[in-house]
Amino acid sequence: MEAEVFAEVDRFIGETVVEEDEALREAVAAAEAAGLPSIQVSPPQGKLLQLFVRLLGAKKILEFGTLGGYSAILMARALPEDGSLITLEAKPEYAEVARRSIERAGVADRVEIRVGPALETLAELEKEAVGPFDLVFIDADKVNTPHYFAWALDRTRPGGLIIADNVVRKGTLADASDSDEATQAQRRLHETLAEEPRVSATTIQTVGVKGYDGFLIALVEPA
Ligand code: SAH
Ligand code: DHB
Ligand code: MG
């Protein structure tokens, strides 16, 4: 299968079941103009995140990795008026681009960006009465995905979801000898979850404009 076909199908999906959204187009354009990498979730993946927000009746969302605010805007738009989303971003210059796009999209009242390495921000969040979350989307530095997952698991309500992006990594997930630390981290996460009674999880492989990857979806079981 060719990458061009994956992209073509994503475009078709974008012309049919996934509606175009002006604010999201603007967010992508602003990120591009500011020189941010184009690694936001694809429109079909973003729509799936929105469907999850709605299915969960989510009111509290935590996101690791803001970039230009694309996925944050998507999820915030699916939240009710009194919902809120905290998104963590290491780079102040990315957070600034995101802040402006979030403002333009009209969801600034529901979105809070916390700037700094997530591991440090988590220490701060621990001192505050944040959570429990209905949905956690992990999409920052991939080597720390297992750590973020463990933190999130203690702070996601039963029946809530934890989703981790970029776990399949062109199929290297299945390669025990792969030397990439980010890949090893996803393998470790999967192995840990095999013995974690608090979640029921699956990983869905994906193709599309972002090539071959996939995300892990974990439902937090009742205590
Ligand atoms: N969720 C975004 C894409 C995120 S890309 C979307 O779909 O629109 C990954 C982001 O994680 C980048 O912006 C990167 O700067 C950020 N990041 C990397 N390491 C981080 C860390 N330690 N803490 C917080 N954010 C980090
Ligand atoms: C990268 C990060 C992502 O979150 C993603 O979905 C794709 C690529 C990256 O850092 O290269
Ligand atoms: Mg990602």
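Order of listing sets the numbers, starting from 1, for every ligand and every atom in it.
Around ligand 2, the residues contributing at least one heavy atom under 4.0 Å from the ligand are I39, D139, K142, D165, N166, K210.
A donor-acceptor pair under 3.5 Å is formed between the side chain of Q45 and the backbone N or O of S42. No donor-acceptor distance shorter than 3.5 angstrom exists from the side chain of R77 to the backbone of Q50, with no hydrogens or angles considered. Remark: the backbone N or O of A176 is paired with a side-chain donor or acceptor of Q184 at under 3.5 angstrom. Between the side chain of D141 and the backbone N or O of V143, no donor-acceptor pair lies under 3.5 Å. Judged by distance alone, the side chain of D139 and the main-chain N or O of G65 form no donor-acceptor pair under 3.5 Å. D21 places a side-chain N or O within donor-acceptor distance of the main-chain N or O of L24, the cut-off being under 3.5 Å. Between the side chain of E89 and the main chain of T66, a donor-acceptor pair closer than 3.5 Å is present. Under the 3.5 Å distance criterion, the side-chain polar atoms of K142 are matched with a main-chain donor or acceptor of A140.
On a distance-only criterion, D139 and ligand 1 share at least one N/O pair closer than 3.5 Å. Ligand 1 has no nitrogen or oxygen under 3.5 angstrom from a nitrogen or oxygen of F64.
Close approach of ligand 1 to E63 (heavy-atom distance below 4.0 Å) involves ligand atoms 1 (N). Listed by atom number, the atoms of ligand 1 under 4.0 Å from Q40 heavy atoms are 6 (C), 7 (O), 8 (O). Applying the 4.0 Å criterion to heavy atoms of Y94 picks out, from ligand 1, the atoms 13 (O), 15 (O).
When only non-hydrogen protein atoms are considered, atom 17 (N) of ligand 1 lies nearest to A140 CB, 4.0 Å. The single protein non-hydrogen atom nearest to atom 7 (O) of ligand 1 is V41 N, 2.9 Å, given as residue, atom name and distance. Atom 8 (O) of ligand 1 has S71 N, 3.1 Å as its closest protein atom, hydrogens excluded (heavy atom only). Protein heavy atom nearest atom 25 (N) of ligand 1, with residue, atom name and distance: A90 N, 3.1 Å. Nearest non-hydrogen protein atom to atom 5 (S) of ligand 1 is I39 CD1, 3.6 Å. Ranking the protein heavy atoms by distance from atom 23 (N) of ligand 1 puts A118 N, 2.8 Å first. Ranking the protein heavy atoms by distance from atom 18 (C) of ligand 1 puts D141 N, 3.8 Å first. For atom 13 (O) of ligand 1, the closest non-hydrogen atom of the protein is E89 OE1, 2.7 Å.
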Review point. Hey, mind stepping through D154 and R198 against salt bridge (Lys or Arg N to Asp or Glu O under 4.0 Å) and telling me if it holds?
Key: CA-CA 10 Å; D154 292 334; R198 289 181 292 167; 2.9 Å; yes

Practice item. Give the C-alpha distance, both sets of side-chain angles, the deciding distance and a yes or no for salt bridge (Lys or Arg N to Asp or Glu O under 4.0 Å) between R187 and D178. Key: CA-CA 10 Å; R187 289 182 55 83; D178 193 274; over 6 Å; no

**Study point:** Verdict with supporting geometry, K210 and F6, side chain to side chain contact (heavy atoms under 4.5 Å, CB included)
**Key:** CA-CA 9 Å; K210 298 188 72 183; F6 303 159; over 6 Å; no

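Residues Y148 and I162 form no side-chain contact, since every pair of their non-hydrogen atoms from C-beta on lies 4.5 Å or further apart. Contact check for I138 versus L62: no side-chain heavy atoms found under the 4.5 Å cut-off. Counting heavy atoms from C-beta on, the side chains of L119 and T121 never come closer than 4.5 Å.
Contacts of T66 with ligand 1, taken as heavy-atom pairs under 4.0 Å, involve the backbone alone. Under 4.0 Å from ligand 1, heavy atoms of Y70 appear from its side chain as well as its backbone.
For the Mg ion (ligand 3), protein N/O/S neighbours under 2.8 Å (waters excluded) are D139 OD1, D165 OD2, N166 OD1.
Side chain to side chain, S101 and E26 fail the donor-acceptor criterion of an N or O pair below 3.5 Å.
By the 30° and 60° cut-offs, the orientation of the rings of F64 relative to W151 is perpendicular.
Using a cutoff of 4.0 Å between basic side-chain nitrogens and carboxylate oxygens, E96 and R99 are scored as salt-bridged.
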